[in-house]
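Right, one structure below, let's go through it.
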Amino acid sequence: MAKIFCVANQKGGVGKTTTTVNLAAGLATHGQRVLLVDLDPQGNATMGSGIDKRSLEKSVYEVLIGMADVAEGRQRSESGKYDVLPANRELAGADIDLVSLEHRDMRLKRALAAVDDAYDFILIDCPPTLSLLTLNGLCAAHGVIIPMQCEYFALEGLSDLVNTIKQVHANLNRDLKVIGLLRVMFDPRITLQQQVSDQLKAHFGDKVFNAIIPRNVRLAEAPSYGMPGVVFDPSSRGAQAYLKFGAEMIERIESM
């Protein structure tokens, strides 16, 4: 049975897609069977996995509205060695199309149930908004991974996200919980980042992952080559950090 995790944060530009793609590749490197679900209409996780979003015959959009199943829509990331349920701009209209459908917040959960035995991990890259797409991701997941920068405004957004997760847990998905907070784009030379990191550890304790993802230009370059950073330059500091994060995820799940 697959463990299903959303990578979510209501703030944009915090490394959600970078985290999802590199965690998927990192877990695959550790021998795990992984499906990445791209729920962002921008399709960045799709492109970053080496799949051309402009030439998709079927995508997550068709799966959500019931015109295809996951097995028909998924594609293989040859660079990352994991499967992808891809997205493109069609997905931008999904919020409107889902409104009139039955079980509109459970469409993804029901679709993923058909491939549950085929994977060890299913990772869902959520858009940076609380929409029906994000709600589908939260309703399908066992837990949420929150990537965040150690900055003041990130703390403000974090409380909103935690409240949203609590509401979904109370009303729609009793399995949902915060798996952990991942510190990303971290620069230890900046005093404020170190202070915010210390605050996170003090408040959330072991919910904060030990792995810390540094600012790293090789991670930023990798998507333009259609590769996860851990494949593009495995020896880079960013890639090594994501590989450690993948190992920590496996260890954390085994102890749950």
Side-chain angles (χ1 to χ4, degrees), residues 5-9 12-64 68 70-92 94 112 115 118-128 133 137 145 147 182 184-185 211 213-247 249:
F5 300 117
C6 280
V7 180
N9 194 320
V14 295
K16 287 187 299 297
T17 299
T18 299
T19 294
T20 311
V21 168
N22 283 286
L23 176 57
L27 289 169
T29 300
H30 291 296
Q32 303 297 302
R33 301 168 301 161
V34 183
L35 172 67
L36 187 160
V37 179
D38 191 352
L39 266 192
D40 192 333
Q42 294 181 80
N44 289 339
T46 299
M47 296 290 278
S49 300
I51 296 165
D52 187 356
K53 66 182 180 182
R54 294 159 296 194
S55 61
L56 299 177
E57 291 184 15
K58 293 202 171 76
S59 69
V60 69
Y61 172 76
E62 281 78 16
V63 171
L64 287 172
V70 175
E72 293 173 310
R74 66 188 171 190
Q75 294 195 30
R76 186 71 173 169
S77 170
E78 296 301 335
S79 58
K81 307 302 181 192
Y82 53 85
D83 288 346
V84 179
L85 184 56
N88 56 20
R89 286 182 183 174
E90 275 191 349
L91 192 58
L112 291 177
V115 295
Y119 299 102
D120 300 306
F121 287 89
I122 297 175
L123 304 177
I124 304 170
D125 184 29
C126 291
L133 290 174
I145 298 165
L182 178 67
V184 299
M185 303 182 198
I213 313 300
R215 281 197 177 276
N216 184 241
V217 70
R218 301 301 273 169
L219 288 177
E221 289 173 350
S224 64
Y225 293 88
M227 293 182 185
V230 299
V231 177
F232 178 63
D233 187 354
S235 63
S236 68
R237 289 189 310 124
Q240 289 295 310
Y242 271 118
L243 287 170
K244 286 179 184 173
F245 176 45
M249 273 295 298

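Given the structure is predicted, the values throughout are model-derived calculations rather than measurements.
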By the ring-ring contact (aromatic ring centres under 6.0 Å, His included) test, which pairs, at least two apart or in different chains, include something from residues 215-236?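 For residues 215-236, and leaving out neighbouring residues, the ring-ring contact (aromatic ring centres under 6.0 Å, His included) pairs sorted by first residue read Y225-F232.
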By ring pair (Phe, Tyr, Trp, His ring centres under 6.0 Å) - contacts of Y119 (at least two apart):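 Ring pair (Phe, Tyr, Trp, His ring centres under 6.0 Å) list for Y119, sorted by chain: empty.
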Looking at residues at least two apart in the chain, or sitting in another chain, which of them share a ring pair (Phe, Tyr, Trp, His ring centres under 6.0 Å) with F245?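 With neighbours one apart ignored, the set is F209.
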What residues form a side-chain contact (heavy atoms from CB on, under 4.5 Å) with S79, not counting sequence neighbours?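 Result, side-chain contact (heavy atoms from CB on, under 4.5 Å) vs S79: S77, M227, P228.
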Could I get the full list of side-chain contact (heavy atoms from CB on, under 4.5 Å) partners for A92, not counting sequence neighbours?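 Scan of A92 (side-chain contact (heavy atoms from CB on, under 4.5 Å), adjacent residues dropped) gives P41.
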Please confirm whether the backbone N or O of [Y] pairs with a side-chain atom of [X], one donor and one acceptor, at under 3.5 Å?
X: S49; Y: I51; value: no
X: H30; Y: A25; value: no
X: E62; Y: G73; value: no
X: K53; Y: Q42; value: yes

Please find the pair of heavy atoms, one from [X] and one from [Y], that lie closest to each other, and give the distance.
X: S59; Y: N88; answer: OG-OD1, 4.2 Å
X: G137; Y: I124; answer: O-CD1, 3.9 Å
X: Y242; Y: T19; answer: OH-OG1, 2.9 Å
X: L85; Y: R74; answer: CD1-N, 4.0 Å
X: V184; Y: P147; answer: CG1-CB, 4.0 Å
X: P86; Y: K58; answer: CG-O, 4.0 Å

What residues form a side-chain hydrogen bond (donor to acceptor under 3.5 Å, both in side chains) with [X], not counting sequence neighbours?
X: N44; value: none
X: R89; value: none
X: T18; value: none
X: R76; value: D83

Going by heavy atoms in the side chains, are [X] and [Y] under 4.5 Å from each other?
X: Q240; Y: V230; value: no
X: L39; Y: P127; value: yes
X: L64; Y: L133; value: yes

Taking salt bridge (Lys or Arg N to Asp or Glu O under 4.0 Å) as the cut-off, I'd like each qualifying pair that reaches into residues 216-242, sequence neighbours left out, listed once.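 Applying salt bridge (Lys or Arg N to Asp or Glu O under 4.0 Å) to every pair that reaches into residues 216-242, excluding sequence neighbours, yields R218-E221, R218-D233.
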Pairs involving residues 23-34, ordered by first then second residue, that meet salt bridge (Lys or Arg N to Asp or Glu O under 4.0 Å) (sequence neighbours left out):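 For residues 23-34: R33-D120.
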Step-by-step side-chain contact (heavy atoms from CB on, under 4.5 Å) determination, M47 to R54: CA-CA 9 Å; M47 296 290 278; R54 294 159 296 194; 4.0 Å; yes
Quick check on side chain to side chain donor-acceptor pair (under 3.5 Å): which of N22, T46, D125, D38 does T17 satisfy it with?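 So the option named by the test is D125.
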If I take atom CD1 from residue I145 and atom CZ from residue F5, how far apart are they, to the nearest 0.5 angstrom?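 Answer for the CD1-CZ pair, I145 versus F5, is 6.0 Å.
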Nearest 0.5 Å, what's the CG-CG distance between L27 and L36?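 One finds 10.5 Å between CG of L27 and CG of L36.
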Please list, chain by chain and in numerical order, all residues satisfying salt bridge (Lys or Arg N to Asp or Glu O under 4.0 Å) with D40, sequence neighbours excluded.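 Expected list: none.
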Kindly determine whether V37 and V84 satisfy side-chain contact (heavy atoms from CB on, under 4.5 Å), including the steps that lead there. CA-CA 6 Å; V37 179; V84 179; over 6 Å; no
